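None of the values given here were measured: they were computed from a predicted structure. All values below were derived from every heavy atom in this structure, side-chain atoms included, with hydrogens, water molecules and symmetry-related copies excluded. The first residue of the sequence shown is numbered 1, and numbering continues consecutively from there.
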Amino acid sequence: MNETRNRTSSLTNHLLCAALALGSFLPGAFAQTATQVPPAVDQKNTTADPWWKHGVIYEIYPRSFQDTDGDGIGDIKGITSRLDYIKQLGIDAIWITPMYPSPQIDFGYDIADYTAIDPQYGTMADFEHMTAEAKRRNIRVIMDYVPNHTSDQSAWFKESRSSRDNPKRDWYIWRDPKGYTADGKPIPPNNWQSWFGHSAWEWDPTTKQYYYHHFYVQQPDLNWRNPEVIKAMMDVLRFWMNKGVNGFRVDAVSRLFEDPNLHDDPIQPGLNAFGDPNIQHKYTDNLPEVHDMLREMRKVIDEYPGNPVLISEADEPNIFELSKMYGANNDEVQLPMDFQVADVNELNAPKFRQLLDEVENNPAHGQPYFFFGNHDQDRIWDRYSIGVNDPAMKARIARMMAALLLTSRATPQMYYGDEIGMVTTTPTRIEDVRDPEGITGWPKQKGRDGERTPMQWDTSKNAGFSTSSTTWLPVAPDYKTVNVAAESPDRESMLNWYTRLIELRRTNAALYEGSMQMLNPNENVVSYLRKGPAGKPSVIVALNFSDKPQTLKYDYTALGLTKGATKTLETNDPSLTHAPLTKPVTLAPYATWIAEAR
């Protein structure tokens with residue numbers, strides 16, 4: 001993963017690399033240096049904007065981040081022990097996937113109790129200590145809010161299914177069968193399908209009705225048309241805000257409502273990975289009522305100081321639908337996750353240019369929110385280097401995608417381990433699969449275990465993740481070379497590439513607060529201008545999406561840059577490391593060039 005690059009090093013970067021090199025990255029290793037860490041947002045660039053407009057958000061999958069009690073599963077104390085690492089990386093906020101009590105059918109996204117901590121992760125006292133320590137380091141905590149469904153082990157659902165006249169019966173979606181087969185078997189109310197395969201209706205023999213589950217059978221959907229459900233779920237938000245969290249990532253928000261008339265979804269050609277007919281989720285996804293609830297959620301978090309944020313998970317089909325998530329009066333979600341950009345999944349420069357331009361000029365004028373990796377997607381390293389066999393070229397592509405994420409105007413979301421170049425490690429045998437999606441869909445759909453393997457901290461047993469003889473998922477076999485301890489003293493490592501980009505984003509005025517204009521110097525290159533504020537230089541970013549050298553021809557005068565590109569700020573192309581820069585510039589295969597322009 002080593003590549004040549006050159007930039008003018010700042011004192012902050014020297015201190016950072018020294019601290020990284022000296023640290024053992026074991027729990028508490030940075031305790032003595034925590035107070036010396038520079039603020040997450042450089043004071044030179046502080047504006048009146050809310051923190052989430054400029055901050056870098058880091059997703060933590062707690063099962064896989066750091067285990068401190070030796071049971072092979074990550075925990076809250078583990079997150080606390082790594083806060084100094086997170087701070088040194090330059091992160092402003094951590095989003096932690098669910099840590100609530102859960103049977104773990106969907107590894108936490110089947111919640112049994114919204115206002116407690118699952119004992120396998122620790123205690124509420126552990127959580128409160130973690131948030132306090134994060135606050136001390138100016139790191140905000142974002143919780144995962146899962147409003148669409150609960151676990152079937154939730155006290156709410158146990159009451160609901162106990163009888164048809166239970167007060168909580170209408171807290172979930174219960175319906176009579178459409179009819180019965182000749183041999184007396186009930187027929188589901190309609191053709192709605194679960195996201196994870198087969199009918200979305202589960203028969204309850206006790207009360208002789210079906211309940212609806214958009215996801216697993218063990219994840220019954222809440223009835224958001226019931227005012228009591230709305231009140232209970234808004235109180236969940238208040239509970240965690242009162243614990244000091246700074247916002248929520250709202251899971252599966254577009255699935256909150258279903259058509260009350262139970263119309264069948266349209267059938268499309270072919271079969272899915274589960275062997276079911278392909279359907280369009282027309283009557284169970286993105287209904288207009290979703291926006292009413294988002295406004296209610298926003299009202300709740302706006303009751304609290306500190307600019308708390310809502311991040312929505314909604315796979316919107318185009319920029320117009322995505323823009324609706326901001327709200328007609330920007331009173332819904334501040335940061336809708338952009339799956340259009342996240343899921344291009346190929347180095348298609350024209351498509352990226354189009355999508356980046358669309359979101360930059362979205363109808364709501366909302367802040368874009370980009371990510372390329374999370375707990376439901378193969379790692380960046382793999383998705384964007386399909387067909388590329390040369391490890392050095394794969395590393396260039398991973399760096400290029402990191403540059404796109406961290407130099408665009410969008411608020412960036414990273415996924416743990418991407419900064420060291422972790423790869424997808426998919427199980428090769430069904431008996432090794434832990435994700436129910438993989439168990440149901442094997443072998444066509446192998447699940448999401450591959451992107452959830454333990455964080456690779458060092459070369460010790462289990463990559464420093466756990467002292468257990470076995471971990472909940474196996475550590476990836478490349479951990480001896482791909483790990484934090486090995487990469488931290490290496491200035492050419494992936495870790496230091498990410499660290500420098502985050503630092504540059506924080507300290508460079510154009511990258512911190514400048515506008516973004518898509519450029520087209522070459523059909524195979526994604527390039528854009530980050531316009532500097534008055535009196536400050538601008539920044540040009542160029543990313544070669546091809547396996548061949550590409551020449552860049554900019555009309556600097558038309559861009560108001562009479563001096564052109566004057567200094568390379570960051571690159572992995574040795575030919576662009578020295579001034580003076582020539583016109584035109586040639587960019588090596590899969591190379592990144594970030595330049596000051598005046």
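- A donor-acceptor pair under 3.5 Å links the side-chain atoms of T571 to the main chain of T592, judged by distance alone.
- Taking every heavy atom of both residues into account, D265 and T284 meet most closely at OD2-OG1, 4.0 Å.
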Q | side chain to side chain donor-acceptor pair (under 3.5 Å) evaluation trace for S460 with D458 | A | CA-CA 6 Å; S460 67; D458 55 42; 2.5 Å; yes
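- Note: W457 and F65 meet the aromatic proximity criterion, with ring centroids under 6.0 Å apart.
- Listed by first then second residue, pairs satisfying salt bridge (charged side-chain N to carboxylate O under 4.0 Å, His left out) with a partner in residues 341-354 read R353-E523, not counting sequence neighbours.
- A heavy-atom distance below 4.5 Å is found between the side chains of L356 and L404.
- Once rounded to the nearest 0.5 Å, the distance linking CG of N544 with OG of S527 reads 11.0 Å.
- In this structure, K282 does not pair ionically with D264, as no charged nitrogen and carboxylate oxygen lie closer than 4.0 Å.
- The salt bridge (Lys or Arg N to Asp or Glu O under 4.0 Å) search around E358 returns none, not counting sequence neighbours.
- Here H375 and Y109 bring their ring centres to under 6.0 angstrom of each other.
- Side chain of N246 to main chain of V141: a donor-acceptor pair is present (N/O by atom type, distance under 3.5 Å, no hydrogens or angles).
- In this structure, the side chain of S312 does not engage the main chain of A314 through any donor-acceptor pair within 3.5 Å.
- With salt bridges taken as basic N to acidic carboxylate O contacts below 4.0 Å, none links R434 and D449.
- Between W195 and H214, the ring planes lie parallel to each other; the angle is under 30°, not in the 30° to 60° tilted range.
- Residues L310 and V250 share a closest heavy-atom pair of CD2-CG2, 4.1 Å.
- The existence of a salt bridge linking D118 and R63 is excluded, since no basic side-chain nitrogen approaches an acidic carboxylate oxygen closer than 4.0 Å.
- Here Y415 and F371 keep their ring centres 6.0 angstrom or further from each other.
- Distance alone, capped at 3.5 Å, is enough to place a donor-acceptor pair between the S194 side chain and the F215 backbone.
- Under the rule for a salt bridge (Lys or Arg N to Asp or Glu O under 4.0 Å), D69 has no partner lying at least two apart in sequence or in another chain.
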Q: For D338 and Q413, run side chain to side chain contact (heavy atoms under 4.5 Å, CB included): C-alpha distance rounded to whole Å, both residues' side-chain angles, the deciding distance at 0.1 Å, then the answer.
A: CA-CA 11 Å; D338 193 327; Q413 172 192 300; over 6 Å; no
Q: Output, in order, the C-alpha distance, side-chain angles, deciding distance and verdict of side chain to side chain donor-acceptor pair (under 3.5 Å) for S154 and Y114.
A: CA-CA 9 Å; S154 163; Y114 283 102; over 6 Å; no
Q) Going through the checks in order, is the side chain to side chain donor-acceptor pair (under 3.5 Å) test met by E316 and N286? A) CA-CA 8 Å; E316 301 299 343; N286 213 20; 3.0 Å; yes
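- The structure places CG of L405 at 6.0 Å from CZ of F372, a figure rounded to the nearest 0.5 Å.
- Between atom CD1 of residue I139 and atom CG of residue D92 there is a gap of 8.5 Å, rounded to the nearest 0.5 Å.
- Taking the six-membered ring for Trp, F465 and Y479 have ring centres at least 6.0 Å apart.
- Scanning both residues, S408 and F370, for their nearest heavy atoms gives OG-CD1, 3.4 Å.
- In the displayed structure, K77 atom NZ is contacted under 6.0 Å by at most 12 heavy atoms of other residues, nucleotides or ligands.
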Atom pairs and distances, donor-acceptor, side-chain atoms in residues 93-102, under 3.5 Å, two or more places apart:
from: W95; atom 1: NE1; to: D144; atom 2: OD2; distance (Å): 3.0
from: Y100; atom 1: OH; to: D144; atom 2: O; distance (Å): 2.5
from: S102; atom 1: OG; to: Q104; atom 2: N; distance (Å): 2.9
from: S102; atom 1: OG; to: D110; atom 2: O; distance (Å): 2.7
from: S102; atom 1: OG; to: D110; atom 2: OD1; distance (Å): 2.9
from: S102; atom 1: OG; to: D110; atom 2: OD2; distance (Å): 3.4

Q: With side chain to side chain donor-acceptor pair (under 3.5 Å) as the test, would you mind laying out the steps for D382 and T424 before giving the verdict?
A: CA-CA 7 Å; D382 305 282; T424 311; 2.7 Å; yes
(Q) Show, in sequence, the C-alpha distance, side-chain angles and deciding distance for D126 and I117, and conclude whether the side chain to side chain contact (heavy atoms under 4.5 Å, CB included) test is met. (A) CA-CA 9 Å; D126 294 335; I117 294 294; over 6 Å; no
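- The backbone N or O of E487 sits less than 3.5 Å from a side-chain atom of N496, completing a donor-acceptor pair.
- When side chains are defined from C-beta on, M401 does not count as touching D418, because their heavy atoms never get closer than 4.5 Å.
- A donor-acceptor pair under 3.5 Å is formed between the side chain of S64 and the backbone N or O of R452.
- A pairwise comparison of heavy atoms in L355 and Q340 identifies CD1-O, 3.5 Å as the closest pair.
- The two residues R137 and K87 have their closest heavy-atom pair at O-NZ, 2.6 Å.
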Q: Would you sort out whether Y211 and W201 count as a ring-ring contact (aromatic ring centres under 6.0 Å, His included), showing the intermediate values?
A: CA-CA 6 Å; Y211 68 83; W201 296 97; 8.8 Å; no
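- When atom types are taken as modelled, the side chain of D276 and the backbone of H198 share a donor-acceptor pair closer than 3.5 angstrom.
- Inter-residue side-chain proximity for T499 and L89 is flagged as met; some heavy-atom pair is nearer than 4.5 Å.
- Applying the ring pair (Phe, Tyr, Trp, His ring centres under 6.0 Å) test between F107 and each of Y216, Y121, Y61, W472 identifies W472 as the sole match.
- Partners of Y498 according to the side-chain hydrogen bond (donor to acceptor under 3.5 Å, both in side chains) rule, which considers only residues two or more places apart in sequence or in another chain, do not exist here.
- Between R429 and D432, at least one side-chain N (NZ, or NE/NH1/NH2) sits under 4.0 Å from a carboxylate O, which counts as a salt bridge.
- Taking the ring centre of W156 as origin, the terminal cationic atom of K158 falls outside the region bounded by 6.0 Å and 45° from the ring axis.
- Judged by a 6.0 Å distance limit and a 45° cone about the ring axis, R379 is positioned over the six-membered ring of Y416.
- Annotation: salt bridge (Lys or Arg N to Asp or Glu O under 4.0 Å) contacts of D251 (sequence neighbours excluded): R249.
- In this structure, E451 contributes its side chain and Q377 its backbone to a donor-acceptor pair below 3.5 Å.
- E202 CD to H213 NE2: the interatomic distance, rounded to the nearest 0.5 Å, is 5.5 Å.
- The neighbour count for K480 NZ, taken as heavy atoms of other residues, nucleotides or ligands under 6.0 Å away, is above 12.
- Annotation for N318: atom CG counts as buried by contact number, over 12 foreign heavy atoms lying within 6.0 Å.
- Counting only N and O atoms by type, the side chains of D478 and Q456 include a donor and acceptor under 3.5 Å apart.
- Expressed to the nearest 0.5 Å, how far CD1 of I380 lies from CE of M400 amounts to 11.5 Å.
- I91 places a side-chain heavy atom less than 4.5 Å from the side chain of M414.
- Y384 places a side-chain N or O within donor-acceptor distance of the main-chain N or O of N345, the cut-off being under 3.5 Å.
- Atoms OG1 and CH2, from T115 and W240 in turn, are 7.5 Å apart once rounded to the nearest 0.5 Å.
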